[in-house]
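Note sheet for the following structure.
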There are 2 protein chains.
Amino acid sequence: MKSIQHRSDCPISYTLDILGDKWMLLILRDMIFAEKESYKEFMQSGEGIATNVLADRLSILETEKFITKKVSPANKKSFVYRLTDKGITLIPLIMEITLWGSAFNPKGGNKELLKKLKKDKEGVVAEFTAKMKERTFKSVARV
Amino acid sequence: MKSIQHRSDCPISYTLDILGDKWMLLILRDMIFAEKESYKEFMQSGEGIATNVLADRLSILETEKFITKKVSPANKKSFVYRLTDKGITLIPLIMEITLWGSAFNPKGGNKELLKKLKKDKEGVVAEFTAKMKERTFKSVARV
DNA sequence: ATAGTTCCTTGCTATTTGCAAGTAAAAGAA
DNA sequence: TTCTTTTACTTGCAAATAGCAAGGAACTAT
């Protein structure tokens with residue numbers, strides 16, 4: 001139950017108080033692009049997050065309602081993390097970050113996706129938004 | 001001369017290694033929206049940055065070529081900080097952050113600008129890009 | 001000459017990070 | 001059933017970073 005203090009009402013400051021941390025958006029990246037959903041999978045990302053920091057950030061993301069945590073139906077000792085509708089609204093922002101990063105560091109990233117993103121940003125946002133909406137716990141429960 | 005270490009070639013990780021800090025984008029915000037350009041002006045922002053942190057971040061922004069520093073022509077003890085062309089490329093990202101923040105925290109921000117931004121994002125980006133390009137040191141020198 | 005202004009630097013304490021190790025609880029293997 | 005492994009953490013500790021208050025250097029205004 002770790003939450004966040006806001007320093008001002010400025011929209012940018014408000015956003016950065018939540019997401020202006022190197023790890024927050026990397027976790028969300030893994031959920032969106034790599035469809036990761038467990039602690040173990042998040043740990044395996046190339047950037048090497050420390051276990052305590054991962055636990056801390058997951059807790060904040062949950063408190064701030066960007067993600068939801070549920071016991072895995074397949075494996076009771078494992079949890080499944082999924083984006084909420086609020087979390088899904090970050091997709092346009094994440095795509096913009098991706099675009100900027102790929103322009104100034106052309107080495108990394110999925111070439112095909114980047115090409116598509118440069119051509120049709122709105123389309124890619126819509127595509128990933130739809131994909132993530134399908135994975136939401138709410139809609140899974142409705143099936 | 002303080003620079004940055006990159007943890008991976010992922011475009012998102014690359015971007016966050018530079019900008020994934022609560023202060024970096026607030027300084028850029030002040031340059032873009034409030035047209036601030038001096039140490040003193042940056043210090044006066046509502047969020048209350050510490051002097052050593054401001055000096056540190058300005059140094060990184062300069063090393064990474066997002067901004068340029070020059071002695072003020074009006075006052076030799078004062079420096080003028082201005083965006084470079086690279087810094088200007090962050091405007092779309094900053095607008096996206098503004099949009100997200102204003103959706104989830106409707107209290108703050110310039111209402112008129114936000115309204116325009118929601119209607120015509122591309123237009124607002126173009127407008128601010130042009131405005132900042134005019135303030136660049138290179139073009140000022142050309143006058 | 002004196003008093004401010006501006007852009008920092010320094011010193012100190014408190015918080016946060018990163019690393020290594022440990023724990024608890026369920027799952028799979030013998 | 002017992003032993004080992006897996007998963008998701010927590011804990012402890014050293015090192016880095018942040019925040020706060022004060023100080024200094026170089027100009028400027030009076």
_A/Trp100: ring pair (Phe, Tyr, Trp, His ring centres under 6.0 Å) partners, not counting sequence neighbours_ =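 For A/Trp100, the residues satisfying ring pair (Phe, Tyr, Trp, His ring centres under 6.0 Å) (neighbours in sequence not counted) are A/Phe104, B/Phe66.
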
For atom [atom1] of [X] and atom [atom2] of [N], their distance in whole Å:
{"X": "B/Ile49", "N": "C/dC8", "atom1": "CD1", "atom2": "C1'", "value": "13 Å"}
{"X": "B/Met43", "N": "C/dC8", "atom1": "CE", "atom2": "P", "value": "12 Å"}
{"X": "A/Leu54", "N": "C/dC19", "atom1": "CG", "atom2": "P", "value": "14 Å"}
{"X": "B/Lys40", "N": "C/dT6", "atom1": "NZ", "atom2": "P", "value": "4 Å"}
{"X": "B/Asp17", "N": "C/dT17", "atom1": "CG", "atom2": "P", "value": "15 Å"}
{"X": "A/Phe79", "N": "C/dA26", "atom1": "CZ", "atom2": "P", "value": "10 Å"}
{"X": "B/Gln44", "N": "C/dC7", "atom1": "CD", "atom2": "C1'", "value": "13 Å"}

_Counting only side-chain nitrogens and oxygens, does A/Trp23 get under 4.0 Å of the OP1 or OP2 atom of C/dT16?_
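No, A/Trp23 has no side-chain N/O under 4.0 Å of OP1/OP2 on C/dT16.
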
*In terms of side-chain heavy atoms of A/Val53, which of C/dT10, C/dT17, C/dT6 is nearest?*
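Within the option list, the nearest is C/dT17.
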
*Reckon B/Asp56 touches a base, only the sugar-phosphate, or nothing at all at heavy-atom distances under 4.0 Å?*
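No contact at all - B/Asp56 keeps every heavy atom at 4.0 Å or more from the nucleic acid.
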
*Select base, sugar-phosphate, or nothing to describe what A/Lys69 touches, counting heavy atoms under 4.0 Å on all strands.*
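Since only primed, P, OP1 and OP2 atoms lie under 4.0 Å of A/Lys69, the category is sugar-phosphate.
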
*Short N-O contact, B/Lys121 and A/Glu96, less than 4.0 angstrom*: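 The answer is no: the pair does not qualify as a salt bridge.
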
*Pair B/Arg135 + B/Glu37: basic N to acidic O under 4.0 Å*: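 Counted as a salt bridge, because a side-chain N and a carboxylate O are separated by less than 4.0 Å.
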
*Which comes earlier along DNA chain C counting from the 5' end, the contact point of A/Arg57 or that of A/Asn75, where each point is its nearest nucleotide?*
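Its nearest nucleotide lies further toward 5', so the answer is A/Arg57.
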
*Which comes earlier along DNA chain C counting from the 5' end, the contact point of B/Asn52 or that of B/Ser38, where each point is its nearest nucleotide?*
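Looking at the nearest nucleotide for each, B/Ser38 comes out on the 5' side.
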
*With sequence neighbours excluded, tell me which residues meet salt bridge (charged side-chain N to carboxylate O under 4.0 Å, His left out) with B/Asp85.*
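If we apply the salt bridge (charged side-chain N to carboxylate O under 4.0 Å, His left out) test to B/Asp85, skipping adjacent residues, the hits are B/Lys133.
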
*No-H, no-angle donor-acceptor pair, B/Thr51 side chain to C/dT9 base, under 3.5 Å*: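 Yes.
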
*Check if the side chain of B/Lys77 and the base of C/dT5 share a donor-acceptor pair of N or O atoms closer than 3.5 Å.*
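Result: at least one qualifying N/O pair found.
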
*Please say which of A/Met132, A/Lys131, A/Glu127 ends up in a side-chain contact (heavy atoms from CB on, under 4.5 Å) with A/Ile91.*
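Exactly one pass, corresponding to A/Met132.
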
*Do A/Phe33 and A/Phe128 have their ring centres less than 6.0 Å from each other?*
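A/Phe33 vs A/Phe128: aromatic centres under 6.0 Å.
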
_Reading DNA chain D in the 5' to 3' direction, which nucleotide is the first one with an atom under 4.0 Å from a heavy atom of chain B, and which is the last?_
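Endpoints of the contacted stretch of DNA chain D: D/dA18 to D/dT28.
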
*asked:* Both A/Arg7 and A/Ser78 contact DNA chain D. Taking the nearest nucleotide for each, which residue is further toward the 5' end?
replied: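 The 5'-side residue here is A/Ser78.
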
*Indicate yes or no for a side-chain donor-acceptor contact from B/Ser59 to the backbone of B/Ala55 under 3.5 Å, with no hydrogens or angles considered.*
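Side chain of B/Ser59 to backbone of B/Ala55: no pair is present.
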
